[in-house]
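Reviewing the structure listed below.
Since we're looking at a predicted model, the values are computed, not measured. To find a chain, count down the sequence lines: A is the first, B the second, and so on, and within it residues start at 1. Note: hydrogens, waters and symmetry copies are ignored here, and every other heavy atom, side chains too, is used.
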2 protein chains.
Amino acid sequence: MSYEPDWNVLTATCPSRTSLTRIANKWTAMIVIVLGKGRTRFRDLRTSVEGISGKVLTETLRDLERDGLVSRHVFAEVPPRVEYELTDLGRTLHTPLSAIGQWAEAHIAEVLEARERYDCQR
Amino acid sequence: MSYEPDWNVLTATCPSRTSLTRIANKWTAMIVIVLGKGRTRFRDLRTSVEGISGKVLTETLRDLERDGLVSRHVFAEVPPRVEYELTDLGRTLHTPLSAIGQWAEAHIAEVLEARERYDCQR
DNA sequence: CTGAATCCAGTACGATACTG
DNA sequence: CAGTATCGTACTGGATTCAG
């Protein structure tokens with residue numbers, strides 16, 4: 001009922017394409033996967049998502065907040081503490097995105113074999 | 001049974017991270033979504049995935065082929081005809097990736113509202 | 001600790017021209 | 001038609017520094 005067939009991610013100018021661009025992204029995927037475990041502070045996200053820089057983490061979280069997928073909770077403390085959490089909308093995205101992460105982990109052996117086959121062959 | 005908990009996309013050096021990087025990508029998502037409908041020639045992919053350049057389409061298809069997700073079928077004709085198709089492995093990825101595409105289409109209204117709220121508020 | 005602001009290298013991507 | 005090659009540009013993303 002809420003599905004609107006007018007939206008089509010394959011159409012260059014469709015707004016849903018901009019949304020796809022944001023969520024079909026490795027950083028978004030990993031952040032949402034971590035946030036799926038519960039409310040998390042900035043620092044812990046930084047260490048959980050290995051290799052992400054502070055800049056990219058901040059920017060990605062801002063974008064996710066703007067799109068209504070993540071909520072930001074600031075505590076008036078010293079040192080400051082900021083926690084991030086999936087919104088209801090964000091939670092609906094958690095399942096599909098963690099499916100992607102699990103696919104990567106479950107099928108990496110086959111992918112590595114395929115790469116070796118491809119690379120040798122030339 | 002086939003799930004290997006040693007693999008973890010959150011670990012920077014884990015091979016599964018490289019696989020995630022490839023598949024958690026807008027072009028990959030759209031190409032796999034189109035290929036899910038069946039074997040497709042290069043030109044038709046080019047027009048189905050609106051806005052993709054020939055260069056990026058070629059490069060992405062090569063990478064997908066290398067990872068064993070897509071197979072390439074060349075016909076010795078003039079003018080040349082090349083068709084692409086999901087492999088068995090690629091087909092296992094089609095469901096999660098089209099779920100992402102459908103999420104983008106199904107929830108774009110909420111996302112747009114959230115953006116408006118966020119942007120006005122500052 | 002959070003995260004804004006700079007600076008800069010590397011990459012992604014598009015446009016164009018050209019080949020078989 | 002299906003590429004390849006080249007080029008220029010815009011964006012991604014890391015490192016560093018600084019402020020609250």
Q: Please state how far atom CZ in R72(B) lies from atom P in dA2(D), giving the value in whole angstrom units.
A: 10 Å
Q) Which nucleotide sits closest to the side chain of F42(B): dC1(D), dG3(D), dT2(C)? A) dG3(D)
Q) Does a nitrogen or oxygen in the side chain of T58(A) sit under 4.0 Å from OP1 or OP2 of dG3(C)? A) no
Q | Phosphate OP1/OP2 of dC1(D): any R41(B) side-chain N/O under 4.0 Å | A | no
**Q.** Residue met sooner reading DNA chain C from 5', once E59(B) and P79(A) are mapped to nucleotides
**A.** P79(A)
Q. Does R62(A) place a side-chain N or O at less than 4.0 Å from the phosphate oxygens OP1/OP2 of dA4(C)?
A. yes
Q | Rounded distance (Å) that lies between atom P of dT4(D) and atom CZ of R46(B) | A | 14 Å
Q: Measure from CG on N25(A) to C1' on dT12(D) and round the result to the nearest Å.
A: 10 Å
Q: In whole angstrom, give the distance that lies between atom NE2 of H73(A) and atom P of dT2(C).
A: 15 Å
Q.
Quick one about T92(B) and H94(B) (side-chain donor to acceptor, distance below 3.5 Å, no hydrogens or angles considered), yes or no?
A. no
**Q.** Toward the 5' end of DNA chain C, by each residue's nearest nucleotide, K55(A) or R81(A)
**A.** R81(A)
Q. Should the pair E83(B)-R41(B) be classified as a salt bridge under the 4.0 Å nitrogen-to-oxygen rule?
A. no
Q | Side-chain ion pair, D63(B) and R22(B), N-O less than 4.0 Å | A | yes
Q: Please examine the side chains of I52(A) and L45(A), heavy atoms only from C-beta on, and report whether any two atoms are closer than 4.5 Å.
A: no
(Q) Please report the distance, rounded to the nearest Å, between CG in L61(B) and P in dT4(D). (A) 11 Å
Q. Could you give the CG-to-P distance, from D44(B) to dG3(D), as a whole number of Å?
A. 13 Å
Q: Figure out the CD1/C1' separation between I52(B) and dG3(D), and round it to whole Å.
A: 14 Å
Q: Look at all strands and tell whether Y84(B) reaches a base, only sugar-phosphate, or nothing, counting heavy atoms closer than 4.0 Å.
A: sugar-phosphate
Q: Send over the distance from K26(A) NZ to dG14(D) C1', rounded to a whole Å.
A: 11 Å
Q | Nearest listed nucleotide, side chain of W27(A), among dC1(C), dG14(C), dG13(D) | A | dG13(D)
Q) Just checking, any donor-acceptor pair under 3.5 angstrom between side chains of R115(B) and S19(A)? A) no
